[in-house]
Protein chains: 2
Amino acid sequence: MKIQELAEKIGLSVHTIRYYEKEGLLDERHVQREKNNYRTYSDEAIERLKLIKKFQGIGCSLIELKDILQDHDTNTRTNQQVIEWILQKINEIERKKEEFDRMLETLNFMLTYRVTLETDPEKARSLLAAAKLNSGK
Amino acid sequence: MKIQELAEKIGLSVHTIRYYEKEGLLDERHVQREKNNYRTYSDEAIERLKLIKKFQGIGCSLIELKDILQDHDTNTRTNQQVIEWILQKINEIERKKEEFDRMLETLNFMLTYRVTLETDPEKARSLLAAAKLNSGK
DNA sequence: GTAAACTATAGAGTGAACTCTAAGGCAAGC
DNA sequence: GCTTGCCTTAGAGTTCACTCTATAGTTTAC
């Protein structure tokens, strides 16, 4: 498939896809050239780009991904190093999930405050005051 | 308290704190000027900056935060709009948590693959092949 | 009283990840 | 065969969130 088709399939711009290639995130398994110099993408390219998007979603940089996503036979990283990285990422995500839970609590309080403000501003202020006392503990 | 003390307390640089002020994330409740033009920060500034850090951790931009964190009496946003924003954020976080769970699955698979590769490369390749079949379903 | 350490400002520089532009080559439809 | 649209490249521009520099004024410690 050609670049635009791929772009539409995965929701990236053609610019971004070419940029990722330039940054070394795609290799010959994902993209080849035709006689006219046009890029042709394999189905593996779809999977690869989806994986990149996933990893980006959890806050990985492109450089990090480049290092890690390379096949085991290219030896910029040893298998042990990759295992270390994966374990670390798993840990990071666990911690982020906890952070999200704390954030949900904060947002829920903000919501209660704002909703109360609509109907009973007096009560809202007392909620705020109570929260301040709690935070100061 | 002066800027450096605040910076040390919350783990930001003095540059960043001044930058946040310039971007409208702090107001007179958080920072005032002394006769010598030095900034003095209230305890509320600590809370505010901690909150900003929290929100940043879940991927909010500073512009977004500026809009939302302003007190209800400043009317760039109505209370209803803020409530909408909070509900949307809660939703976003719930979805992100799901994404994290899927990501953990992916990472766990990658880990299994890499660990297997250490001891039994043949088996590792069959894991990969099985995964490809599954992804194509 | 002077040197070191802090404060202020304006504005330049950085790095990541795009995003867009210009200038040209190929391809498909009429 | 020509227009429209997609493809190529190199490289410039953008945005975000800092981060740093230069220059100058103020405060503190000895």
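Proteins get letters first, then strands, A, B, ... in listed order; numbering begins at 1 in each.
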A.B. asks: Separation of L25(B) atom CG from dC18(D) atom C1', in whole Å?
C.D. replies: 13 Å
A.B. asks: Picking from dA16(C), dT8(D), dC6(C), which would you name as closest to the side chain of I63(A)?
C.D. replies: dA16(C)
A.B. asks: Would you mind listing every salt bridge (Lys or Arg N to Asp or Glu O under 4.0 Å) that reaches into residues 14-24 of chain B, with sequence neighbours excluded?
C.D. replies: E21(B)-R39(B)
A.B. asks: May I ask you to list the residues of residues 11-19 of chain B, by number, that have any heavy atom positioned under 4.0 Å from an atom of DNA chain C?
C.D. replies: R18(B)
A.B. asks: Under 4.0 Å between a side-chain N or O of R39(A) and OP1 or OP2 of dT9(D)?
C.D. replies: yes
A.B. asks: Using a 4.5 Å cut-off on heavy atoms from C-beta on, say whether the side chain of L49(A) contacts that of L26(A).
C.D. replies: yes
A.B. asks: Between dA17(C), dT8(D), dA17(D), spot the one nearest the side chain of L62(A), thanks.
C.D. replies: dA17(C)
A.B. asks: Per the salt bridge (Lys or Arg N to Asp or Glu O under 4.0 Å) rule, which among E94(B), E84(B), E64(B) passes with K89(B)?
C.D. replies: E64(B)
A.B. asks: Looking at Y20(A), does any N or O in its side chain come under 4.0 Å of the phosphate oxygens OP1/OP2 on dC18(C)?
C.D. replies: yes
A.B. asks: Using modelled atom types only, decide if a donor and an acceptor are shared between the side chain of T116(A) and the backbone of T112(A) within a distance under 3.5 Å.
C.D. replies: yes
A.B. asks: For nucleotides 25-30 of chain D, just jot down a letter per nucleotide in 5' to 3' order: B, S or -, based on protein non-hydrogen atoms under 4.0 Å.
C.D. replies: BBS---
A.B. asks: Just checking, any donor-acceptor pair under 3.5 angstrom between side chains of K2(A) and T40(A)?
C.D. replies: no
A.B. asks: With sugar-phosphate meaning primed atoms plus P, OP1 and OP2, does Q56(A) contact a base, only sugar-phosphate, or nothing at under 4.0 Å between heavy atoms?
C.D. replies: sugar-phosphate
A.B. asks: Is a side-chain donor or acceptor of K54(A) paired with a backbone partner of T106(B) at a separation under 3.5 angstrom?
C.D. replies: no
A.B. asks: Is a side-chain donor or acceptor of Q81(B) paired with a backbone partner of T78(B) at a separation under 3.5 angstrom?
C.D. replies: yes
A.B. asks: Where the side chain of R48(B) meets the backbone of L69(B), is there a donor-acceptor pair that is under 3.5 Å apart?
C.D. replies: yes
A.B. asks: Grab the CD-C1' distance between E23(A) and dA17(C) for me, whole Å please.
C.D. replies: 9 Å
A.B. asks: Quick one: does any side-chain atom of E118(A) pair with a main-chain N or O of R114(A) as donor and acceptor, under 3.5 Å?
C.D. replies: no
A.B. asks: By nearest heavy atom, map N37(A) and C60(B) onto DNA chain D; which one lands nearer the 5' end?
C.D. replies: N37(A)
